[in-house]
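Note sheet for the following structure.
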There are 2 protein chains.
Amino acid sequence: MSRYPKPMARLIEELTRLPGVGPKTAQRLSYFMIGMSEEEVHNLATAILEAKQRIKFCSQCFQLTEEDPCPFCSDDRRDRTIICVVEEPRDVLAIERTKEFHGLYHVLHGAISPLEGIGPEDLRITELMSRLGPEVKEVLLATDPNVEGEATAMYLARLIKPLGIRVTRMAHGMPVGSDLEYVDEVTLGKALEGRREL
Amino acid sequence: MSRYPKPMARLIEELTRLPGVGPKTAQRLSYFMIGMSEEEVHNLATAILEAKQRIKFCSQCFQLTEEDPCPFCSDDRRDRTIICVVEEPRDVLAIERTKEFHGLYHVLHGAISPLEGIGPEDLRITELMSRLGPEVKEVLLATDPNVEGEATAMYLARLIKPLGIRVTRMAHGMPVGSDLEYVDEVTLGKALEGRREL
């Protein structure tokens, strides 16, 4: 009798499969869910099932979407001469919030990481290459500014440049609103290197 | 277009209701769930629904259970003269694992905490008092050894002692396998105070 009732044990087991959820967190979440109202529990379960059922990847840019092609790829007002390459679907939303970019996107779904066993063949790179028709003038590599993101950008630049397409990368520099004293030295170095005249 | 597709936004919103799950975690979990197989997602949703449907509280001790009364309360081999009072259902499992206690349990579902606005009326205290018939000789107050747990134990002791029932509390002392140097001074003080002859 020193075990949980079966449905509880099963719920804990299922929750433990989620990223960042260990046995303790799974236990806490289970208790919480059992304490929720019938309606709340039903809403949660339905939300999970519906998201899985209705969300797919856009067959062109691999962004999450309900319709294929996604609202970006099917929007005629977007600039089709520039493609912004990002690692994850959420990166698209981050860039959209700036309202500074009006081209198309391409989501790689990860970055090259030999340590985690992720190679170029695990990313949507072949699909990116097949999109680079004559109308594409620029590819903006907006992968993360860390080791994996830089490696992925380098790898892609080497593939795309020979096609005569302009390949760009986001500027490095001081985060807006930051404090010079607390900015790491690499960022500070890049910010100095890329200084602009006022 | 700087928002998630609706089913995704809804899933994130539902997940954010869970304890310890902020927007970032909810987003990460959502991506993961969408990437899971149909079967895995179905298993997760079913586990949540079934746990909620099949798990109830024992009407006597308020432990989580599939059958009411729970296996503890309906087991004739358990010692009915002693009731161990704990804060949470998981505490019952922790005590069972010691194999040292063979009485009945009572789960309060929390501890008195004025800061969090939890008073005695929010706990299963009335239900505990109504269980204290003539056959009960001892109540072991196994609430947590922290401010809230101690306050709850004091409160209960004051209610139960006048009934002529023995009220006990777990011994304080050095954790087994611990290092004297790293044990906090309050625990060390209690361990010295409660020293036993060998």
Side-chain angles (χ1 to χ4, degrees), chain A residues 1-8 10-15 17-21 25 27-38 40-57 64-67 70-72 75 88-90 92-99 109, chain B residues 1-15 17-21 25 27-36 38 40-57 64-67 70-72 75 88-90 92-99 109:
Chain A
M1 279 202 283
S2 60
R3 295 200 315 110
Y4 285 107
K6 246 191 224 143
M8 178 88 176
R10 202 185 137 213
L11 176 56
I12 293 177
E13 195 194 315
E14 289 293 334
L15 291 173
R17 295 183 208 277
L18 300 175
V21 179
T25 308
Q27 194 182 273
R28 205 184 58 224
L29 288 175
S30 304
Y31 278 118
F32 185 85
M33 287 176 184
I34 288 169
M36 280 159 74
S37 75
E38 292 272 353
E40 288 169 324
V41 168
H42 182 259
N43 285 348
L44 173 62
T46 318
I48 294 173
L49 289 170
E50 286 205 344
K52 174 66 189 170
Q53 260 163 30
R54 290 171 50 190
I55 303 272
K56 350 177 214 304
F57 295 122
L64 298 174
T65 180
E66 278 190 271
E67 314 105 51
C70 75
F72 295 107
D75 184 350
E88 302 292 346
R90 59 177 163 264
V92 171
L93 301 192
I95 292 174
E96 278 300 294
R97 277 193 289 268
T98 69
K99 295 192 169 62
H109 288 276
Chain B
M1 279 204 282
S2 62
R3 295 201 316 111
Y4 284 108
K6 245 191 226 143
M8 178 91 176
R10 200 183 140 215
L11 176 55
I12 292 176
E13 194 194 315
E14 288 293 335
L15 290 173
R17 295 184 207 278
L18 300 175
V21 179
T25 308
Q27 192 181 274
R28 207 182 60 224
L29 289 175
S30 305
Y31 279 118
F32 185 86
M33 287 176 185
I34 286 168
M36 280 160 72
E38 291 274 352
E40 287 169 324
V41 168
H42 182 259
N43 285 347
L44 174 62
T46 319
I48 294 173
L49 289 170
E50 286 204 343
K52 176 64 190 171
Q53 260 164 30
R54 290 170 51 189
I55 304 271
K56 350 176 214 305
F57 295 122
L64 298 174
T65 180
E66 278 189 272
E67 312 106 52
C70 74
F72 294 107
D75 184 350
E88 302 292 344
R90 58 177 166 267
V92 171
L93 302 191
I95 293 175
E96 278 299 292
R97 277 193 288 270
T98 69
K99 295 194 168 65
H109 289 275

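Throughout, a chain's letter reflects where its sequence line sits, starting with A, and its residues are numbered from 1.
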What one should report as the nearest heavy-atom pair of B/M33 and A/L18 is CE-CD1, 3.9 Å
Any idea which heavy atoms bring A/I34 and B/A51 closest together, and the distance?
-> CG1-O, 4.3 Å
Residue selection (most heavy-atom pairs with chain A, distance under 4.5 Å) from [options]:
options                    : value
B/E50, B/E13, B/E67, B/K52 : B/K52
B/R28, B/R90, B/K56, B/H42 : B/R90
B/L29, B/L15, B/N43        : B/N43

By a 4.5 Å heavy-atom criterion (distance strictly below it), what part of A/T98 contacts chain B: side chain, backbone, both, or neither?
-> neither
Sort A/Q27 into side chain, backbone, both or neither according to what part of it lies under 4.5 angstrom from a heavy atom of chain B.
-> side chain
Walk me through it: do A/T46 and B/R10 pass the test side-chain contact (heavy atoms from CB on, under 4.5 Å)?
-> CA-CA 10 Å; A/T46 318; B/R10 200 183 140 215; 4.2 Å; yes
Salt bridge A/R17-B/E40, side-chain N to carboxylate O under 4.0 Å | no
Chain B interface, residue from A/C70, A/A45, A/P89 that has the most non-hydrogen pairs under 4.5 Å = A/P89
Heavy atoms only, distances under 4.5 angstrom: which of A/H109, A/R54, A/E88 has the most pairs with chain B? Name it, please.
-> A/R54
Let me see the working for B/L11 and A/I55 under side-chain contact (heavy atoms from CB on, under 4.5 Å), right down to the final yes or no.
-> CA-CA 11 Å; B/L11 176 55; A/I55 303 272; over 6 Å; no
Side chains of A/L64 and B/Y31: does their closest heavy-atom pair fall under 4.5 Å?
-> yes
